[in-house]
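These notes concern the structure reproduced below.
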Amino acid sequence: MPKPRPRIVVHPPVPTGGRRVYVDDGPMGVAYDVPDLLEFLRRVALDPEKTRSS
C-alpha cells in the first residue's frame, strides 16, 4: 500500500512577515518566499514539479 501524502497547511501571513507552515499538524517553520516553501516540501519528500493535486 502506498504511503499517504502528508497534509500541508500554509497559514496566512503574520504581521511580522512570512507564513507558518505545518505538515501533518507539526510545525515546519516560517516561509518568507516561494523557495522557503519549496524547501519545506523537499524535506517531506515531495517534489512540487512531479506532485500535482487531483
Side-chain angles (χ1 to χ4, degrees):
M1 178 177 268
K3 184 178 177 183
R5 287 186 183 175
R7 181 172 174 253
I8 300 168
V9 178
V10 180
H11 290 272
V14 296
T16 57
R19 295 169 183 261
R20 292 177 294 140
V21 179
Y22 283 72
V23 176
D24 290 333
D25 296 327
M28 286 294 294
V30 177
Y32 292 94
D33 52 26
V34 172
D36 289 345
L37 182 57
L38 294 176
E39 174 61 18
F40 292 144
L41 293 176
R42 186 193 64 75
R43 289 181 189 178
V44 294
L46 290 178
D47 183 349
E49 295 298 319
K50 295 180 183 176
T51 305
R52 301 279 182 216
S53 290
S54 313

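If you're wondering where the values come from, they're calculated on a predicted model, not measured in any experiment.
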Applying the 4.5 Å side-chain criterion to the ILVMFWY set and letting contacts propagate, would Val44 and Val9 be lumped into a single cluster? no
With sequence neighbours left out, what residues match Arg20 under side chain to side chain donor-acceptor pair (under 3.5 Å)? none
Quick check: closest heavy atoms across Pro6 and Leu46, and the distance to 0.1 Å? CG-CD1, 4.0 Å
Output every pair passing ring-ring contact (aromatic ring centres under 6.0 Å, His included) with a member in residues 5-25, not counting sequence neighbours, ordered by first then second residue. His11-Tyr22
Report, one line per pair, each donor and acceptor closer than 3.5 Å where one atom sits in a side chain of residues 26-36; sequence neighbours left out.
unit_1	atom_1	unit_2	atom_2	d
Asp33	OD1	Asp36	N	3.1
Asp36	OD2	Tyr32	N	2.8

